[in-house]
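See below for the structure under consideration.
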There are 2 protein chains.
Amino acid sequence: MVDLAAGTRERLLHAALELTREGGYAQASVAAIAAGAGVSNGALYRHWSSKGELFAELFRTVCSRELEALTAAGLPRAEATVVERVEAVLGTFAARALRNPRLAWALIAEPVDPLVEAERLAYRRTYRQHLAALLRKGIAVGELPEQDADLTAAALVGGVGEALVGPTSPVADTPPDADVIVAALQCFARRAVGAVPPATAR
Amino acid sequence: MVDLAAGTRERLLHAALELTREGGYAQASVAAIAAGAGVSNGALYRHWSSKGELFAELFRTVCSRELEALTAAGLPRAEATVVERVEAVLGTFAARALRNPRLAWALIAEPVDPLVEAERLAYRRTYRQHLAALLRKGIAVGELPEQDADLTAAALVGGVGEALVGPTSPVADTPPDADVIVAALQCFARRAVGAVPPATAR
DNA sequence: CAGCATCGTGAATCCCGATTCACCTGTCAA
DNA sequence: TTGACAGGTGAATCGGGATTCACGATGCTG
């Protein structure tokens with residue numbers, strides 16, 4: 001289960017991630033993490049000065065990986081419109097979250113340390129800015145109507161988060177059809193950004 | 001005497017609310033609440049079996065008052081369209097939250113007891129359902145396009161919350177112009193629900 | 001091989017706010 | 001008058017997880 005070859009540091013991070021994936025931040029006590037890594041409590045403090053520091057690092061890692069995926073999804077492809085790119089970004093976000101509900105919940109909404117909360121907020125801000133930049137481009141190109149891009153971005157991030165986590169937050173084992181949800185969210189987003197339909201689709 | 005008891009009870013609730021309004025749930029320790037009400041720690045336990053129970057009641061009270069205001073705002077007025085009613089509801093929500101940022105944060109996003117979290121979720125659900133019902137009406141009337149009303153409602157609640165609380169969460173003393181924000185949010189909402197423009201704006 | 005540094009151990013300790021409880025007080029009904 | 005009870009006191013206690021630390025190991029260097 002645990003890669004014994006990996007260094008203690010890595011094993012601790014891995015155990016922490018695993019526990020979070022399964023039961024959220026709350027489940028991940030120092031004792032549980034240490035046990036999961038096959039070391040003693042004290043070992044953790046050889047590598048981080050507090051539990052919070054460990055999780056701050058973990059969040060940073062996971063979030064940046066996440067952001068990478070989103071950025072890739074939003075890349076300007078062949079003849080993709082801005083709206084399509086926005087949809088791709090949000091769709092990727094949603095799909096990934098739905099695949100790992102607990103983890104998503106921990107990243108998005110679970111109560112955490114102030115130290116960790118700071119990471120979370122930073123990530124959210126980055127994500128918003130990313131989206132806002134995309135929106136501004138769309139506005140400049142005339143593909144989107146004039147609007148407060150930052151506010152729209154914030155509302156989209158929050159909206160997608162809520163729609164995903166709302167049903168997830170407790171222990172929703174309702175395995176809702178991910179594809180359907182993603183599609184509905186994209187549809188919502190398309191309207192929300194004010195995509196002017198090419199005079200055809202409704 | 002009953003009146004004396006009610007007095008203390010009210011004073012405790014009031015102190016708890018005041019503390020939350022100022023510094024959020026975290027600030028509101030049992031000791032602080034008791035001190036605020038001018039009684040001892042123990043007194044609290046004559047009226048609630050735990051701190052969580054007190055706050056559950058407090059949340060319930062505050063939230064139901066809030067919901068009342070929203071419901072009133074969303075009432076079918078003279079010749080109001082459904083979209084106008086949705087705007088009124090969201091606008092009221094936003095305006096009230098902006099007037100009391102800390103409290104709004106506590107109600108929407110701050111980490112709290114499981115007991116209190118349950119109240120919060122219940123309230124959110126009610127709010128979503130309220131909105132969803134309104135949306136369904138709009139769809140039925142043909143004022144809004146076909147859509148997953150529940151998802152749209154969830155995304156709107158989350159979006160408005162994020163847009164309001166995102167900047168608020170830390171200690172943002174940025175006194176943003178409330179009217180502007182509210183207007184922008186309403187604009188966002190109008191697009192998001194897919195209000196068919198009266199063939200004029202674009 | 002001594003000297004030194006890093007890493008690991010895990011039981012003991014610390015922290016800190018919620019909660020308890022033995023003891024008052026005032027009120028009211030019998 | 002009395003005694004039962006609702007309400008109040010506040011210092012002591014509890015709980016539970018984070019954190020410490022005295023004591024090895026292991027390994028590298030001169």
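Since the model is a prediction, treat every value here as computed from it, not as a measurement. Just so we're on the same page: letters track the sequence lines, and every chain starts at 1.
If you take CZ of A:F55 and P of D:dA18, they are 9 Å apart, rounded to a whole angstrom. What separates CG of A:L115 from C1' of D:dA18 is a distance of 14 Å, to the nearest Å. The distance between atom CD of B:E53 and atom P of C:dA18, rounded to the nearest whole Å, is 15 Å. Protein atom CG of B:L44 is 14 Å distant from nucleotide atom P of D:dG7, rounded to whole Å. Residue B:I33 contributes atom CD1, which lies 13 Å from atom P of C:dG17 at whole-angstrom precision. Distance B:Y45 OH to D:dT9 P: 15 Å, rounded to the nearest Å. The nearest whole Å value for the distance from the CG atom in B:L12 to the P atom in C:dT19 is 14 Å.
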Just list the side-chain donor-acceptor pairs under 3.5 Å for residues 188-196 of chain B, sequence neighbours left out, or say none.
| residue | atom | partner | partner atom | Å |
| --- | --- | --- | --- | --- |
| B:R190 | NE | B:E87 | OE2 | 2.8 |
| B:R191 | NE | A:A192 | O | 2.7 |
| B:R191 | NH2 | A:Q147 | OE1 | 2.8 |
| B:R191 | NH2 | A:T152 | OG1 | 3.4 |
| B:R191 | NH2 | A:A192 | O | 3.0 |

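Salt bridge status for B:R65 with B:E68: absent, with no side-chain N to carboxylate O gap under 4.0 Å. One finds no salt bridge joining B:D148 and B:R136 here, because no Lys/Arg side-chain nitrogen approaches an Asp/Glu carboxylate oxygen to under 4.0 Å. Using a 4.0 Å cut-off between a side-chain N of Lys or Arg and a carboxylate O of Asp or Glu, A:R120 and A:D113 do not qualify as a salt bridge.
Of all non-hydrogen atoms in A:A94 and A:L164, the two that sit nearest each other are CA-CD1, 3.6 Å.
None of A:H14, A:H47, A:E57 except one satisfies the side chain to side chain donor-acceptor pair (under 3.5 Å) rule with A:R9; the exception is A:E57.
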* **Step-by-step ring-ring contact (aromatic ring centres under 6.0 Å, His included) determination, B:F55 to B:Y25** => CA-CA 9 Å; B:F55 269 92; B:Y25 186 75; 4.7 Å; yes
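Applying a 4.0 Å cut-off to non-hydrogen atoms, none of the residues of residues 18-30 of chain B approaches DNA chain D.
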* To do: Scan nucleotides 5-15 of chain C nucleotide by nucleotide, 5' to 3', and note B when protein non-hydrogen atoms come under 4.0 Å of the base, S if they reach only the sugar-phosphate, - if neither.
  => --BBBB-----
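Panel note: side chain B:R102, backbone B:E22; a donor-acceptor pair is recorded below 3.5 Å.
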